[in-house]
Amino acid sequence: MKKRLYLILSFLLLISYSGRAQDETRAREIMFKAVDMMQDSAGIYLEYHAQFTRLFVKEGWMVLKGNKFHRESKRTIEWYDEKNHWSLNRSSRKLRLNMPSEYGNDKDIGSYLQQVRTKYNFTLKDSKEGYWITLEAKKNAKVDIKRAMVLIHKLTNQPVRVKMKWSIFWVTLDLANIKKSTYDDSFFVYDKEKYPNTKMIMKKK
């Protein structure tokens, strides 16, 4: 009797483990497909709305091309060409070179996307809204974001909403109008002729 009970429990545990493994594999495939889309070699345009408590709300649009990006909001314009990061304040005309912008020190968005491939474990929840994928940082993983939840559209596989945990707070990022576009590499480099009368501020060595 004990032997039979042991076999039944072992079988149930095996089924449970197999189901979790399949869910993680599926979650990983869906997530990686979304990341590939965001790092398209030609370019991706999207609009965003970020909220961190009621006092912190940022919105605008950006273009990603591999690890490069160009981002614009009411307050700033940013360029990143994988070597340098420029952040121009529209009102003060101050141009920051390789310094934190209004969004913090996140100049290399591509590195965050790349971390998704190696630094996290995944779980999947199917809902009417889409696929909710939870990312949990692996043990001893050196990442800023320890936990995140990503809502992915079932038909387009595009990320629709991202919830990220920073310390004890959650940041919600809504994405819209994601579409492929072709952009020249010069689009990701600050052009001083287009923006005259700016004051350069550089990071002290």
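Here the structure is a predicted model, which means the values were calculated and not measured.
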Report task. Please assess Asn89 against Ser91 for the test side-chain hydrogen bond (donor to acceptor under 3.5 Å, both in side chains), listing each intermediate value before the final yes or no. Result -> CA-CA 6 Å; Asn89 185 295; Ser91 59; 2.8 Å; yes
Query raised in the report: Would Trp132 and Val150 count as a side chain to side chain contact (heavy atoms under 4.5 Å, CB included) if you check the C-alpha gap in whole Å, the side-chain angles of each, and the deciding distance to 0.1 Å?
Result: CA-CA 6 Å; Trp132 275 107; Val150 183; 5.9 Å; no
Query raised in the report: Run the side chain to side chain contact (heavy atoms under 4.5 Å, CB included) check on Ile152 and Ile133 step by step: do they pass?
Result: CA-CA 8 Å; Ile152 296 180; Ile133 297 179; 3.9 Å; yes
Report task. Report the C-alpha separation of Arg147 and Tyr120 in whole Å, then their side-chain angles, then the decisive distance to 0.1 Å, and conclude whether the side chain to side chain contact (heavy atoms under 4.5 Å, CB included) test is met. Result -> CA-CA 9 Å; Arg147 190 169 191 265; Tyr120 293 90; over 6 Å; no
Report task. Determine, step by step, whether Glu47 and Asn177 satisfy the side-chain hydrogen bond (donor to acceptor under 3.5 Å, both in side chains) criterion, reporting the C-alpha distance in whole Å, the side-chain angles of both residues, the deciding distance to 0.1 Å, and the verdict. Result -> CA-CA 6 Å; Glu47 296 169 6; Asn177 297 326; 2.7 Å; yes
Report task. I would like to know whether Tyr190 and Trp79 meet ring-ring contact (aromatic ring centres under 6.0 Å, His included); could you show each step before the answer? Result -> CA-CA 6 Å; Tyr190 166 71; Trp79 302 261; 5.3 Å; yes
Report task. Apply ring-ring contact (aromatic ring centres under 6.0 Å, His included) to the pair Phe52 and Phe169, showing each step before the final yes or no. Result -> CA-CA 8 Å; Phe52 169 62; Phe169 302 101; 5.4 Å; yes
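Between Trp61 and His70, the ring-plane angle classifies as parallel under the 30° and 60° cut-offs.
Taking CG from Asn98 and CD1 from Ile201, the interatomic distance works out to 13.0 Å, rounded to the nearest 0.5 Å. Atom-to-atom distance recorded for Arg96:CZ and Thr76:OG1 is 10.5 Å, nearest 0.5 angstrom. One finds the NZ atom of Lys180 at 9.5 Å from the OG1 atom of Thr182 (value rounded to the nearest 0.5 Å). A distance of 14.5 Å separates CG in Asp144 from NZ in Lys165, rounded to the nearest 0.5 Å. Here Asn197 contributes atom CG and Arg93 contributes atom CZ; the two are 7.0 Å apart, rounded to the nearest 0.5 Å. Remark: Glu24 CD to Thr134 OG1 distance equals 11.5 Å, nearest 0.5 Å.
Ser73 and Tyr48 form no side-chain donor-acceptor contact under 3.5 Å, judged by distance and modelled atom types alone. When only modelled atom types and interatomic distance are considered, Tyr131 and Glu129 share no side-chain donor-acceptor pair under 3.5 Å.
Nearest heavy atom pair, residue Phe188 against residue Val63, reads CE2-O, 3.7 Å. The minimum heavy-atom distance between Leu113 and Val35, with the atom names listed, is O-CG1, 3.9 Å. A pairwise comparison of heavy atoms in Glu72 and Arg90 identifies OE1-NH2, 3.0 Å as the closest pair. Taking all atoms of both residues into account, the shortest heavy-atom contact from Leu173 to Ala50 is CD1-CB, 3.8 Å. Between Phe122 and Ala27, the closest heavy-atom pair is CB-CB, 3.8 Å.
For the pair Lys33 (side chain) and Arg28 (backbone), a donor-acceptor distance under 3.5 Å is absent.
The only member of Lys119, Met164, Met149, Met31 that meets side chain to side chain contact (heavy atoms under 4.5 Å, CB included) when paired with Leu135 is Met31. Among Asp185, Asp40, Asp81, the single residue meeting the side chain to side chain contact (heavy atoms under 4.5 Å, CB included) criterion with Lys65 is Asp185.
Geometrically, Arg117 engages Phe32 in a cation-pi contact defined by less than 6.0 Å to the ring centre and at most 45° from the axis. In this structure, Lys179 forms a cation-pi arrangement with Tyr45, its terminal cationic atom sitting closer than 6.0 Å to the ring centre and no more than 45° off the ring axis.
Looking at heavy atoms from C-beta onward, Ile77 lies out of side-chain contact with Arg71 at the 4.5 angstrom threshold. Residues Gln114 and Gln39 meet the side-chain proximity criterion, which asks for heavy atoms closer than 4.5 Å. The side-chain heavy atoms of Leu97 and Met200, taken from C-beta on, include a pair separated by under 4.5 Å. Between Thr198 and Leu88 there is a side-chain heavy-atom pair separated by less than 4.5 Å. Side chains of Val171 and Lys163 form no contact here, defined as non-hydrogen atoms less than 4.5 Å apart.
Heavy-atom neighbours of Lys146 NZ from other residues, nucleotides or ligands within 6.0 Å: above the threshold of 12. No more than 12 heavy-atom neighbours from other residues, nucleotides or ligands sit within 6.0 angstrom of NZ on Lys125. Taking a 6.0 Å sphere around NZ of Lys154, one finds it holds more than 12 heavy atoms contributed by other residues, nucleotides or ligands.
Clustering ILVMFWY residues whenever any of their side-chain heavy atoms sit less than 4.5 angstrom apart, transitively, puts Leu124 in a cluster other than the one holding Leu151. Note on Leu46: it does not cluster hydrophobically with Phe187, by side-chain heavy-atom contacts below 4.5 Å among ILVMFWY residues. In the hydrophobic cluster analysis, where Ile, Leu, Val, Met, Phe, Trp and Tyr join through side-chain heavy atoms closer than 4.5 angstrom, Trp170 is grouped apart from Val162. Hydrophobic clustering of Ile, Leu, Val, Met, Phe, Trp and Tyr side chains at less than 4.5 Å, counting indirect connections, unites Leu175 with Met62.
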